[in-house]
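Just so you know, these numbers come straight off a predicted model, no measurement behind them.
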Amino acid sequence: MSSTRAGAPVRVASVPANQIYIRHLEHPNPGGAREVLRLPDPRPAGGVRSVQSRWWPPAMLSPEWVRANRHAFDLMHIHFGFDAADPAELRGLAAELRRFGKPLVYTVHDLVNPHQPDPGAHRERLEVLIPAADKLITLTPGAAREIHARWGAEAQVLPHPHVVDFASMDRIRSSRTRTAPSRPRAPKRIGVHFKGLRPNMDQGILDPLARIVARLPGTVLQVNIHAQPLDAHSPEYQPALARKLRAGAAEGLWELQAHEYFSEPELFTYLASLDLCVLPYRFGTHSGWLEAALDVGTHVAAPDCGHYADQHPSIAEFRRGAGGVEEDSLLEAVEGLLRRPGLPGLDASARLAQRRDLAAAHRRIYARLLAGS
């Protein structure tokens with residue numbers, strides 16, 4: 001595939017490599033010699049920030065790493081993590097990649113960073129990476145249009161791969177399609193998860209959502225959140241929110257579940273327990289959480305910020321105005337999804353075929369860049 005290393009796999013300096021999206025760009029059953037080899041994440045120079053991000057901050061995003069490792073990789077593919085580098089460092093990185101003839105691929109996951117309340121810092125980094133990239137990829141047509149409108153650049157649209165592993169996906173979806181006529185009908189479970197209250201989480205969605213669920217017979221609202229904001233001994237404690245969530249649970253407005261960060265199996269089980277997942281986002285672009293919900297057959301209602309609704313045609317979109325969620329729009333989305341028969345999303349066999357296509361598409365992109373075409 002490479003003009004300089006014919007027959008050898010393309011060696012990709014992937015930023016990061018050990019993340020579920022990137023892992024699921026690999027061919028599921030490669031067989032024989034691998035055509036793409038993503039380098040493992042180097043040990044972070046600044047130490048590991050969390051057990052959920054063992055690659056953070058990514059050591060590859062430095063001119064020094066490129067110089068020292070230029071014989072070990074053929075091209076660089078950036079996905080996440082560049083908020084650890086300032087724009088000057090990214091310009092230096094791009095210059096070193098050009099100097100050594102290493103193409104740069106950038107997959108634009110986030111046009112707005114969901115972890116940063118001020119979009120300015122992320123925008124500054126996009127202003128470096130998007131013009132510097134030899135190839136742009138994004139996940140939805142809407143994001144591609146936005147990239148073209150803002151930068152005049154073309155981005156190839158390749159959909160988000162599956163999040164749930166195929167065996168779990170097949171088992172969960174099969175169990176949800178089986179019926180037990182003798183078993184009493186359970187209430188429809190509508191879930192909203194505030195996770196660790198990252199900046200794009202809209203706590204204001206809770207009251208309109210509770211009013212909506214109260215109007216719908218046979219429905220229950222389940223509110224999940226990480227334990228720390230409700231723990232008075234944690235530095236992340238939010239006393240006003242803790243009082244509100246516990247009071248609403250005591251009044252029967254919702255069921256409250258506070259817990260530690262989910263493992264992948266725990267996340268999949270949680271999402272499969274819901275009939276409908278409501279995304280409480282104020283801003284953002286794309287969502288892997290959304291993909292996991294669809295993988296297990298759970299409907300998703302998403303806000304009209306970003307390009308969430310572009311990720312799958314089954315997603316119901318609700319509007320956000322200057323004052324937050326438009327309640328009538330949210331009601332329409334929730335009611336519409338609860339009426340839909342069957343399971344949304346692709347089943348395991350369709351996701352498997354999609355993953356093969358994604359692996360092949362990335363192989364072609366890398367081959368063309370290394371061939372200079």
Please evaluate residues I212 and I190 with respect to the criterion side chain to side chain contact (heavy atoms under 4.5 Å, CB included), reporting the C-alpha separation (whole Å), side-chain torsions for both, the decisive distance (0.1 Å), and the verdict. CA-CA 10 Å; I212 286 168; I190 299 170; 5.9 Å; no

Assess the residue pair D304 and R320 against the criterion (side chain to side chain contact (heavy atoms under 4.5 Å, CB included)); give the C-alpha distance rounded to whole Å, side-chain angles, the decisive distance to 0.1 Å, and a yes or no. CA-CA 7 Å; D304 61 358; R320 289 186 52 83; 3.8 Å; yes

Using the rule given for side chain to side chain contact (heavy atoms under 4.5 Å, CB included), can you reason through L241 versus I225, listing the C-alpha separation, both sets of side-chain angles and the distance that settles it, and then say yes or no? CA-CA 11 Å; L241 178 63; I225 190 169; 3.9 Å; yes

H79 and L25: CA distance, side-chain angles, deciding distance, side chain to side chain contact (heavy atoms under 4.5 Å, CB included) verdict: CA-CA 12 Å; H79 292 271; L25 298 180; 3.9 Å; yes

With ring-ring contact (aromatic ring centres under 6.0 Å, His included) as the test, would you mind laying out the steps for H193 and Y270 before giving the verdict? CA-CA 10 Å; H193 201 312; Y270 157 72; 5.4 Å; yes

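The OG atom of S287 sits 9.0 Å away from atom CG of L294, with the distance rounded to the nearest 0.5 Å. Rounded to the nearest 0.5 angstrom, L97 CG and I78 CD1 are separated by 7.5 Å. Atom OG1 of T107 and atom CG of L139 lie 7.5 Å apart (nearest 0.5 Å). To the nearest 0.5 Å, atoms CG (L279) and CD (E317) are separated by 11.0 Å. L271 contributes atom CG, which lies 9.5 Å from atom CG of D295 (distance to the nearest 0.5 angstrom). Between T298 atom OG1 and L290 atom CG the span is 11.0 Å, to the nearest 0.5 Å.
Residue-environment remark: CZ (R150) exceeds the threshold of 12 foreign heavy atoms within 6.0 Å. When the shell of 6.0 Å around CD of E96 is examined, it contains more than 12 heavy atoms from other residues, nucleotides or ligands.
Taking the six-membered ring for Trp and the full ring otherwise, the centers of Y21 and H286 sit at least 6.0 Å from each other.
Two different hydrophobic clusters hold V112 and V128 under the rule that ILVMFWY side chains link at heavy-atom gaps under 4.5 Å. Residue L346 is not grouped with residue I315 when hydrophobic side chains (ILVMFWY) are merged at heavy-atom distances under 4.5 angstrom, including chains of intermediate members. Residues L126 and L104 fall within the same hydrophobic cluster, defined by Ile, Leu, Val, Met, Phe, Trp and Tyr side chains chained together at heavy-atom separations under 4.5 Å.
Side-chain polar atoms of T285 and H109 form no donor-acceptor pair below 3.5 angstrom. A donor-acceptor pair shorter than 3.5 Å cannot be found between the side chains of E291 and H162.
At least one donor-acceptor pair closer than 3.5 Å links the side chain of R282 to the backbone N or O of P199. For R340 (side chain) and S314 (main-chain N/O), a donor-acceptor pair under 3.5 Å exists by modelled atom type. R189 places no side-chain N or O within donor-acceptor distance of the main-chain N or O of S273, the cut-off being under 3.5 Å. Distance alone, capped at 3.5 Å, is enough to place a donor-acceptor pair between the D41 side chain and the N18 backbone. Put simply, the side chain of T219 gets close to the backbone of V213: a donor and an acceptor are under 3.5 Å apart.
Within the structure, every pair that satisfies the ring pair (Phe, Tyr, Trp, His ring centres under 6.0 Å) test and touches residues 294-313, not counting sequence neighbours, is listed here: Y281-Y308.
Between H122 and F82, the angle of the ring planes stays under 30°, which puts this pair in the parallel group of the 30/60° scheme. Between H362 and Y366, the ring-plane angle classifies as perpendicular under the 30° and 60° cut-offs.
With a 4.5 Å cut-off on side-chain heavy atoms, L267 and E264 do not count as touching. Side-chain contact check for V192 versus N224: every heavy-atom pair is 4.5 Å or farther apart. Proximity of V325 to P303: side-chain heavy atoms (C-beta onward) are nowhere separated by under 4.5 Å. For the pair L90/R125, a side-chain contact is recorded, criterion being any heavy-atom separation below 4.5 Å from C-beta on.
Between E26 and the options R38, R356, R363, a salt bridge (charged side-chain N to carboxylate O under 4.0 Å, His left out) holds for only R38.
Take W254 and apply the ring pair (Phe, Tyr, Trp, His ring centres under 6.0 Å) test, not counting sequence neighbours, and it matches no residue.
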